[in-house]
Chemist: 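One structure follows; several queries about it will come next.
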Protein chains: 2
Amino acid sequence: MVTLADVARHAGVSASTVSYVLSGKRSISAPTRERIQRSIDALGYRPHAGARALASSRTGILALMMPLRTGLYVPVMMEIAMAVTTTARAHGYDVLLLTGEEGPEAVRRVEGSAVADGMIVMDVELDDPRLPDLRAAERPAVLIGLPADTADITGLDCVDLDFTAAGARCVDHLADLGHRRIAVLGEPPAIYERGTGYAARTLAGLREAAVRRGVGLLHRPVEGTYAAVAAAVTRVFEERPGTTGLVVQNEAAVEPLLALLRHQGRAVPEDVSVVAVCPDQVALHASVPLTAVSVPARDMGRRAVERLVARLAGEAPRGTELLAPLLTARAGSGPAPRTAPRTHPEDRRGHGGR
Amino acid sequence: MVTLADVARHAGVSASTVSYVLSGKRSISAPTRERIQRSIDALGYRPHAGARALASSRTGILALMMPLRTGLYVPVMMEIAMAVTTTARAHGYDVLLLTGEEGPEAVRRVEGSAVADGMIVMDVELDDPRLPDLRAAERPAVLIGLPADTADITGLDCVDLDFTAAGARCVDHLADLGHRRIAVLGEPPAIYERGTGYAARTLAGLREAAVRRGVGLLHRPVEGTYAAVAAAVTRVFEERPGTTGLVVQNEAAVEPLLALLRHQGRAVPEDVSVVAVCPDQVALHASVPLTAVSVPARDMGRRAVERLVARLAGEAPRGTELLAPLLTARAGSGPAPRTAPRTHPEDRRGHGGR
DNA sequence: GTGAAAGCGCTAACAA
DNA sequence: TTGTTAGCGCTTTCAC
C-alpha cells in the first residue's frame, strides 16, 4: 500500500507538505505542489480513510437512516436515498446506510464510535424515539420529516415538504374547478396510527381548506390493494352520491383507483376529478396522467445533505425548512360536472377484483 | 470522549486486556472480564471506528454498489439493499452505499482508501466496466448478477437467480396447462441493449423451453407505461390471434397489462393466462394475483453478504451460486381455453390510455 | 514556504 | 492470565 510517507520520499519533501497539498490548508509553492502531485499520480496514492479519521476526527461519511418496513411501493424512499448519495458525493462524502429498525441504538452507535460525521434521518414519527439521542449527540443531524413539537425550538434541523399546504392546495384546486364534495383516499391506517407526520399534516391541510372553501370532505385510509380501494370508493359514492373530486395520497392506490373508476363507467375527469399527492413520475405514468402535488423526493434528499454539510462546515444554524408544494394540472382533473353524475348501476354490484 | 485507556484505568488493567476482552482473541479470567465489562458499561465506552480501522486494517464496513438510474419501479433493488443491510448488521458490519454511476472509479476508491473491507456489486452488466478493477482488488467482492464470461474461471464471486431456469419454468407451466402460443412482455429495450444479464438469460430460458415443448413464442420488450403495453399487446393479438399465454418480466407493465386485458374483455385466466417474473409481493398484490416465478431479492442480498463475510473470514472459495427459481401458481393462470377465444372488437379500436 | 515531531485510539506482537 | 510497547497512516502544532 502506498502511504503519504512514500509520496513524500518520492517527491523529496516532508510528509506534512504532502498532507498540506492534499488539504489545501497551507499555501504551497507551485513547483513543489506540482512535483508532489506528479508523485501522487505516479504512485497511485490514496489517503487511508481510517488514518485520516483518527488524526482529524472527520470520517467523510454521512449516515442515512432509512425505514426498512416500507410497504410495497418505495420509489420515494429510494429517490431520497439516491439524491442523498449523489449530493453527498458531490460534497466529498460517502453515505453509510442504516435501517430505521435499529432505532435509537443506531444513533448512539454512530455517535459513540465516530463512524460518521453526521446523520440524516428519514421516516420521522411525530414522537420519534430517536429524538432524545439525536438532540444529545455532538454530531449534527438533519431530519427528513417533522416531529410533533416545534422543531425550531428544540434544536433540531428538519427538511420536509409542506404537507399542510399541499393538502390545502389539492382542495383549493378542486374547489376552484367547482367541486363541492371531495373524498380523500389516504395512506393505510397503520401509517396514521404510527404517528407519521406527513399523513396527519396533509389531512389537516385538506380539512382546513375544506372548511375555508365550504366544501364537503370525506377521509378514508386505504390499503393499497384493488379490493380495499374498491370497497372504500364504493362506500364513498354510496354515502356521498354527489362526490366529484377525489384526492389520493397513497401511491399503491393510484392504479387500482383508476382501474376501478373505469370499470364503474365513471370518466376521469368528466365525471370525477382525481388529484394525487405523489412523486411526479407516478402521477405522470398513471394510466390517466394525474393532476398532482409532487413529493419532491430528490429536492428533499439534496437539501438535507446541503444543510448537513453546511452544519459540518460550521455555517448554518439549525431550523426547519418546508418546501413549497407545487401542483401540476394534468388530464386527471377538470371542471365539476354541471349536473349530478348519472347513477351508476355498478354501485350496486360487488367489486374488489376477482 | 471515552477511550480504551479510560476503561483500562477505571478497571485497573492494561489497555491490551480491555482490547482482548472486546475482541475475544485471548482468554481472560472471568473476574477480570466482568470488571472490565462493568467499566465499559459504566463509562459508556465505544471503540473509535477510525482508530480500530487504522490499527487492524479492518473497517467493519461493506460497500454496496447500487444502480442509480433504475426506472420508476424499484422494489427489487430496495429489497436487496435492505436485506444486505440487515444481514450485514447481523454479522457486525455496516453498509456504505455507492451509486453504480461512479463506475470503476468507485471500486478503486474503496480499494485505495480502505474505506470498506469488501464490496457487493448490483446491476452487473454482461461486460461490466468494473470487472477489471474488481478482479485486481485485494478486497473481496461479490456480484449480484452474472457477467458474460464464466464467473468461476475468472475468480469472481456471484449470486443470482437462475433466470434461464426461471424463463424455462414459465413456459413449462403454460405448456403443461395446454397453451400453445405464448407471448413475452419483457423489460424496456434499453435494458437489453445495456447488456443486463438477467434479461438475456431469461429470454434464453424461455426460448429453449419453447423449442423443447414445441410452443410458439413471441418476445416484445416494452416500456412500463399503459400506452406502450397496450400497443404491444394489441400487436401480439393481431399477429398471433391464438395467443393464450402471457409471460411478463417487467414490474411496471403488470398493472397496465391487467387493466388492458380487462378493458378488452379478455378474462384472466379463462381467456388468457398471465405468468410473471417478479417479486412475490408484486405478483400477490396485483389486481389479479399472478402466477409467478419470484425474484428472491431478500435471499440474494442475504446470500451475497454471507458469502462476502465468509470470504473476509478467509473461509469460502469464490464461485457462482444460482438460486433455483420457484414458481407459485395463483389465480392468473389456468388451462388453455379449448376453443380459440372469441374475436375482440377492441382489437380494432385504438388503445393507450388517454 | 517547508520541516520535524507529537499524537489521534486501537491492535497485536513480544514479554513476563 | 496479564502487561508493555511499537506501530497503523495521517493531521497539525510548533519551529525555522
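Chain A is the first sequence line, chain B the second, and so forth, proteins listed ahead of strands; every chain is numbered from 1.
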Chemist: Going by heavy atoms closer than 4.0 Å, what residues in residues 27-43 of chain B are next to DNA chain C?
Modeler: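 Here the set is empty: none.
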Chemist: Could you identify which residues of residues 9-19 of chain B place a heavy atom less than 4.0 Å from some atom of DNA chain C, listed by residue number, or say none?
Modeler: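 The stretch gives B:Ser16, B:Ser19 as the residues lying under 4.0 Å from the strand, ordered by number.
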Chemist: Restricting to side-chain hydrogen bond (donor to acceptor under 3.5 Å, both in side chains), what partner residues turn up for A:Arg26, sequence neighbours left out?
Modeler: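 Applying side-chain hydrogen bond (donor to acceptor under 3.5 Å, both in side chains) to A:Arg26 gives none.
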Chemist: Which residues pass the salt bridge (charged side-chain N to carboxylate O under 4.0 Å, His left out) test with B:Arg298, not counting sequence neighbours?
Modeler: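 Applying salt bridge (charged side-chain N to carboxylate O under 4.0 Å, His left out) to B:Arg298 gives B:Glu79.
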Chemist: What protein N or O atoms touch nucleotides 14-16 of chain D N or O atoms at under 3.5 angstrom, if any, and at what distances?
Modeler:
unit_1	atom_1	unit_2	atom_2	d
D:dC14	N4	A:Arg26	NH2	3.2

Chemist: With A:Ala42, which residues qualify under side chain to side chain contact (heavy atoms under 4.5 Å, CB included), at least two apart?
Modeler: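 With neighbours one apart ignored, the set is A:His10.
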Chemist: With sequence neighbours left out, what residues match B:Arg108 under side-chain hydrogen bond (donor to acceptor under 3.5 Å, both in side chains)?
Modeler: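 Result, side-chain hydrogen bond (donor to acceptor under 3.5 Å, both in side chains) vs B:Arg108: B:Glu105, B:Asp133.
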Chemist: Got a sec, which residues hit salt bridge (charged side-chain N to carboxylate O under 4.0 Å, His left out) with B:Glu306, two or more places apart in sequence or on another chain?
Modeler: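 By the salt bridge (charged side-chain N to carboxylate O under 4.0 Å, His left out) rule, B:Glu306 matches B:Arg302, B:Arg303.
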Chemist: Does any pair with a residue in residues 47-57 of chain A pass side chain to side chain donor-acceptor pair (under 3.5 Å), and if so which ones, sequence neighbours excluded?
Modeler: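 For residues 47-57 of chain A: none.
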Chemist: Checking A:Ser16 now: which residues fulfil side-chain hydrogen bond (donor to acceptor under 3.5 Å, both in side chains) with it, not counting sequence neighbours?
Modeler: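 Residues passing side-chain hydrogen bond (donor to acceptor under 3.5 Å, both in side chains) with A:Ser16: A:Ser14.
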Chemist: Has B:Arg52 got a side-chain N or O lying under 4.0 Å from the OP1 or OP2 atom of C:dT11?
Modeler: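 Result: yes.
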Chemist: Could I get the full list of side-chain hydrogen bond (donor to acceptor under 3.5 Å, both in side chains) partners for B:Arg38, not counting sequence neighbours?
Modeler: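 So B:Arg38 forms no side-chain hydrogen bond (donor to acceptor under 3.5 Å, both in side chains) with any residue.
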Chemist: How would you list, by chain and number, every residue that makes a salt bridge (charged side-chain N to carboxylate O under 4.0 Å, His left out) with A:Asp123, sequence neighbours excluded?
Modeler: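 Checked A:Asp123 against salt bridge (charged side-chain N to carboxylate O under 4.0 Å, His left out); matches are A:Arg69, A:Arg194.
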